[in-house]
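Note that ligands are numbered from 1 as they come in the structure, with each ligand's atoms numbered from 1 the same way. Not measured: the values here are computed from a predicted model.
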Amino acid sequence: MKPTILDFTKDELSKLVKPAFRAKQIYGWIYTSYAKSFNDMANIPKTLRQDLEEKYKLMPLSIVNKELSDDGTIKYLFCLPDGKTMEAVLLLMKPEELGDDGEVTSEARYTVCVSTQVGCKVGCTFCLTAKGGFTRDLTAGEIVAQVLAIKIDNNIPAAKRMNIVYMGMGEPLDNLDNLAKAIEIFKEEDGLAIGGKRQTVSTSGLSTKIDKLGQMDLGVHIAISLHAVDDELRSELIPMNKAHNINSIIEAVKRFPIDTRKRVMFEYLVIKDKNDDLGSAKKLVKLLSDIKAKVNLIFFNPYEGSPYERPSVKSMIAFQDYLITHGLLCTIRQSKGIDISAACGQLKEKNKGEY
Ligand code: SAH
Ligand code: SF4
């Protein structure tokens, strides 16, 4: 099977093609002109175009399914070259605003939620992705392709800066080498030009890999999927917590290089009668007391056969109030695309019978 040219950083590409400046041109054709084939790359010599065509795939993904939500969220199910499928989501964070004369007064803001693996090894008991087990890591190019394919499909202009969250299928830090490469490719100024500050890696807490990512100094944000304040419950929800307990994660976060103006995001999945009590809120305040943190509360999103229940709005607000009155920044995640298939892994699950 041919690899995708999207797997290469610009540096790597400039070692593969001669003269090296062709790499910049090829990057431009791919990421800002949205070329459909190597043959479209008009200022590239024909022999080089043919050579590239023989060796590489330009776009490794095809769209299998697309679901549009009322709030503008679009969930994509993509097919990979080996026939495996995975998903990504385009989130409309702020719609475009028009003035009386129809002129755009405020631009739309987009975030793309990308997958890093087909399936996941971590096996969280609340997560639909975990149910399907682990199939394989995505290559760097397959990660990058999700954003490129979504920009092309929605006619989003190349210059439009997007944000990226690594919160789709898979555990990003379990595929660290390809993740790091994808981060670099996204950052490339001649390409998608999405800086580290616009990229957030969400992890279930592989503490040793949090350190490794920090040492790479890529300038990205991290979000920690904490979900519980004591190791007993956390190990029930996220089995690998036994190897990477809460304390080891907190210590790794303290070592992580963060922009002094920024905060580390802690995701807290709220599950009815499991972790939605104010005693847990109190412990959370204590746990995060010497970290510049912000907390994002997430409603557990039930799926067929899921072992847990969605918390009440009342308990969610009480939890948030407690954190805020005790000095923690706290938001409740707006479940975008709730009318389609919101939680990660759900679109893929729905299509199982067909693909
Ligand atoms: N593996 C990484 C990133 C992908 S999971 C991680 O765990 O952080 C992305 C997010 O989806 C996580 O914050 C996870 O808690 C959330 N999620 C998984 N299943 C969910 C469900 N049933 N309801 C709501 N959120 C869920
Ligand atoms: Fe994997 Fe994240 Fe799902 Fe846990 S929540 S199984 S780490 S994708």
Side-chain angles (χ1 to χ4, degrees), residues 73 75 86-89 91 111-138 143 146 164-176 178-179 182 199-207 209-210 213 220-228 233-244 246 249 252-253 264-272 274-276 294-311 316 331-338 340-350:
T73 301
K75 187 146 177 158
M86 52 86 190
E87 58 190 41
V89 185
L91 298 147
T111 294
V112 184
C113 173
V114 297
S115 292
T116 51
Q117 297 177 317
V118 180
C120 186
K121 286 182 207 157
V122 180
C124 300
T125 50
F126 54 81
C127 174
L128 202 53
T129 298
K131 275 181 58 176
F134 174 74
T135 306
R136 72 167 174 89
D137 285 332
L138 295 184
I143 298 172
Q146 296 168 54
I164 296 175
V165 291
Y166 296 88
M167 287 189 192
M169 299 178 76
E171 167 50 51
L173 297 189
D174 189 34
N175 185 15
L176 185 56
N178 293 344
L179 170 78
Q199 304 188 43
T200 303
V201 176
S202 175
T203 176
S204 54
L206 295 164
S207 46
K209 298 284 182 70
I210 294 174
L213 180 70
V220 291
H221 294 305
I222 46 165
I224 306 292
S225 291
L226 190 64
H227 309 332
L233 177 61
R234 196 164 192 277
S235 299
E236 177 194 319
L237 300 176
I238 310 174
M240 63 117 200
N241 184 67
K242 293 188 190 85
H244 301 269
I246 295 176
I249 297 170
V253 168
V264 177
M265 167 88 83
F266 285 84
E267 313 262 16
Y268 190 90
L269 182 75
V270 187
I271 304 173
K272 187 178 174 194
K274 276 277 177 191
N275 61 2
D276 59 349
K294 64 180 172 200
V295 175
N296 196 18
L297 300 177
I298 309 166
F299 280 94
F300 169 67
N301 196 20
Y303 47 90
E304 217 183 294
S306 64
Y308 307 115
E309 287 175 57
R310 195 179 163 86
M316 198 76 164
T331 49
I332 296 177
R333 186 192 285 175
Q334 296 299 323
S335 285
K336 292 198 171 281
I338 203 139
I340 45 176
S341 22
C344 71
Q346 291 192 358
L347 182 66
K348 186 174 156 106
E349 202 67 16
K350 267 176 49 178

Worksheet item: Has Cys127 got an N, O or S atom lying less than 2.8 Å from atom 3 (Fe) of ligand 2?
Response: yes
Item to complete: Taking only heavy atoms of Thr203 into account, list the atoms of ligand 1 that are under 4.0 Å away from them.
Response: 6 (C), 8 (O)
Worksheet entry | Ser202, any N or O under 3.5 Å of ligand 1 N or O | yes
Worksheet item: Nearest heavy-atom pair of Gly123 and Ala130: which atoms, and what distance?
Response: CA-CB, 3.6 Å
Item to complete: May I ask you to list the atoms of ligand 1 that are less than 4.0 angstrom from any heavy atom of Gly170?
Response: 1 (N), 2 (C), 3 (C), 4 (C)
Item to complete: Can you sort out which atoms of ligand 2 are near Cys120, meaning under 4.0 Å from one of its heavy atoms?
Response: 1 (Fe), 6 (S), 7 (S), 8 (S)
Worksheet item: Short list, please: which atoms of ligand 1 are under 4.0 Å from a heavy atom of Phe299?
Response: 24 (C)
Worksheet item: Where does Asn301 meet ligand 1, judged by heavy-atom distances below 4.0 Å: at the side chain, the backbone, both, or neither?
Response: both
Response to the item:
For Met265 and Asn296 the tightest heavy-atom approach is SD-CB, 3.4 Å
Discussion item. Between Thr116 and Glu171, does the side chain to side chain donor-acceptor pair (under 3.5 Å) criterion hold? Intermediate values first, please.
Written reply: CA-CA 7 Å; Thr116 51; Glu171 167 50 51; over 6 Å; no
Discussion item. Any side-chain to backbone donor/acceptor pair from Thr111 onto Leu91? Under 3.5 Å, distance only.
Written reply: no
Worksheet, complete the sentence: Of Ser225, Cys120, Cys127, Ser204, the residue with the heavy atom nearest atom 13 (O) of ligand 1 is Ser225
Fill in: For Ser204, atoms of ligand 2 separated by under 4.0 Å from a heavy atom
7 (S)
Worksheet entry | Polar atom proximity, Phe126 to ligand 1 (N or O, under 3.5 Å) | yes
Discussion item. For ligand 1 and Glu267, I'd like to know whether there is a polar contact (N/O to N/O, distance under 3.5 Å).
Written reply: no
Worksheet item: Which pair of heavy atoms, one from Ser225 and one from Ile238, lies closest together, and at what distance?
Response: O-CD1, 3.8 Å
Practice prompt. Could you tell me which atoms of ligand 2, counted from 1 in the order shown, lie closer than 4.0 angstrom to a heavy atom of Ala130?
Written response: 6 (S)
Worksheet item: Could an N or O of ligand 1 be found under 3.5 Å from any N or O of Tyr303, whether backbone or side chain?
Response: no
Worksheet item: What atoms in ligand 1 come closer than 4.0 Å to a heavy atom of Tyr166?
Response: 3 (C)
Worksheet item: Taking Tyr308 as the fixed residue, which of Asn301, Asn275, Thr125 is the one that meets the side chain to side chain donor-acceptor pair (under 3.5 Å) rule?
Response: Thr125
Practice prompt. Check for a donor-acceptor pair, side chain of Arg310 on one end and backbone N or O of Phe299 on the other, with a separation under 3.5 Å.
Written response: no
Discussion item. Is Gly168 close enough to touch ligand 1? Criterion: a residue heavy atom under 4.0 Å from a ligand atom.
Written reply: yes
Discussion item. Is any side-chain heavy atom of Phe300 closer than 4.5 Å to one of Lys272?
Written reply: no
Discussion item. When you measure from the heavy atoms of Tyr308 to every atom of ligand 1, does any distance fall below 4.0 Å?
Written reply: no
Discussion item. Could you work out, with side chain to side chain donor-acceptor pair (under 3.5 Å) as the rule, every residue matching Asn178, not counting sequence neighbours?
Written reply: Asn175
Item to complete: Kindly say whether Leu206 contributes a backbone atom to a donor-acceptor pair with the side chain of His244 at under 3.5 angstrom?
Response: no
Worksheet entry | Per-atom contacts, ligand 2 versus Val122 - under 4.0 Å to a heavy atom | 7 (S)
Practice prompt. Would you check whether His227 has a nitrogen or oxygen atom less than 3.5 angstrom from a nitrogen or oxygen atom of ligand 1?
Written response: yes
Worksheet item: Does Gly205 offer a backbone N or O that forms a donor-acceptor pair with the side chain of Thr203 under 3.5 Å?
Response: yes
